[in-house]
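Values in this document were obtained by computation on a predicted structure and should not be read as measured data. Residue numbers run from 1 in the order of the sequence given.
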Amino acid sequence: EPPEAHYFDIPTTIKNIRSCPQAPMAPTPWRFERTIEAASTNSNILKKFDFEIQKATQHITNSLLSYGSEFKPPHVLYPLLGRHPDFETIISIIHQGVKYPVSGISEQERLKDIDFMLNRGNHPSTLVPENATALHKAFDKEVKFKWALPILPDSIKDIPDACVTPLGVVCQWLINELGQRIMKRRVTHDCTFPGPSGYSCNLRIQTELLKDCRYGHALLRFIHGIHDIRHHHPGQKIFMNKTNMDAAYRRIHTNMQAAVLAITVLDGIAFLLTRLPFGSSPAPPYFSVV
């Protein structure tokens with residue numbers, strides 16, 4: 001049982017969780033390189049499993065492709081999270097990855113959409129030299145950390161339910177630790193862009209089945225918090241801390257049957273995104289749960 005609230009020592013609980021030993025990651029036959037040779041090797045592995053992506057990626061347990069590899073085991077997390085209202089959902093995500101509630105499309109529509117996306121290519125924003133540099137740098141990182149599995153584009157049609165999502169790059173202004181404005185070029189996976197069928201990954205999502213998204217309202221909570229502090233402590237300085245969680249989405253696996261709905265293609269290599277992509281509508285609500 002998780003501890004009662006008045007006996008809950010959070011620092012000690014976290015320390016105990018961190019000290020819990022974890023087995024080393026098991027090696028896999030997959031090749032994580034941005035080369036045609038690596039993509040061909042991985043496609044051949046898929047072929048041995050009749051392109052059933054779930055069996056192919058999960059038959060080796062305790063690898064970086066295994067669901068929940070970024071988390072401690074559920075029984076270890078229970079003392080900290082056992083009373084969380086969405087604890088069962090968290091455990092489901094750890095065991096199975098994030099699943100997308102999607103409606104189906106016909107096989108004819110799927111194949112036609114794939115041909116359209118492969119012929120069209122990515123969005124024009126990816127052709128801007130500075131954006132292209134940021135895009136390639138991002139995918140080098142995705143593959144290096146095994147967040148994206150390279151395969152041959154010819155294999156996409158053989159994977160059940162697989163679809164293609166175009167890439168884009170958006171420019172955002174951020175503020176660094178000195179208060180200066182800096183440009184951030186962020187890679188996006190346009191899961192809303194439809195093919196000839198009129199459907200896309202996001203347009204097929206049954207939104208009524210998604211969890212509520214909570215963290216989108218953080219700014220309002222901060223403003224209310226500041227107002228309350230100022231009301232009760234009118235003469236005191238108010239300090240706030242901003243912490244950037246690098247690649248936070250990449251800590252959560254996408255269930256492989258959902259991952260195939262948003263395969264991306266870059267420089268003649270297709271990439272199966274094994275972690276939450278930036279652009280899928282189920283990603284924010286499920287990330288906010290965790």
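Put simply, the side chain of H253 does not reach to within 4.5 Å of the side chain of S66, judged on heavy atoms.
The CG atom of N42 sits 8.5 Å away from atom OG1 of T28, with the distance rounded to the nearest 0.5 Å.
Judged by the 6.0 Å distance and 45° axis criteria, R186 is positioned over the aromatic ring of F278. Taking the ring axis of F193 as reference, the NZ or CZ atom of R120 stays within 45° of it and closer than 6.0 Å to the ring centre.
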**OP:** Test R31 against E37 for side chain to side chain contact (heavy atoms under 4.5 Å, CB included), laying out the working first.
**Re:** CA-CA 9 Å; R31 290 180 61 180; E37 293 77 12; 4.0 Å; yes
**OP:** Go through the steps to decide whether Y286 and I252 satisfy the test side chain to side chain contact (heavy atoms under 4.5 Å, CB included), and finish with yes or no.
**Re:** CA-CA 9 Å; Y286 281 104; I252 302 176; over 6 Å; no
**OP:** Output, in order, the C-alpha distance, side-chain angles, deciding distance and verdict of ring-ring contact (aromatic ring centres under 6.0 Å, His included) for F32 and F145.
**Re:** CA-CA 8 Å; F32 289 90; F145 289 104; over 10 Å; no
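Between the side chains of N131 and T126, no donor-acceptor pair is found at a separation under 3.5 Å. A side-chain donor-acceptor contact under 3.5 Å links K99 and Q96.
Salt bridge annotation for R275-E70: present, with a cationic side-chain nitrogen under 4.0 angstrom from a carboxylate oxygen. With respect to E109 and K112, no salt bridge is recorded, no charged nitrogen being found less than 4.0 Å from a carboxylate O. A salt bridge between K157 and D115 is present, with a side-chain N of the basic residue lying under 4.0 Å from a carboxylate O of the acidic one. Salt bridge annotation for R34-D140: present, with a cationic side-chain nitrogen under 4.0 angstrom from a carboxylate oxygen.
With D113 as the fixed residue, the side chain to side chain contact (heavy atoms under 4.5 Å, CB included) test singles out one of P194, P196, S200: P196.
In N176, the CG atom is crowded: over 12 heavy atoms of neighbouring residues, nucleotides or ligands sit closer than 6.0 Å.
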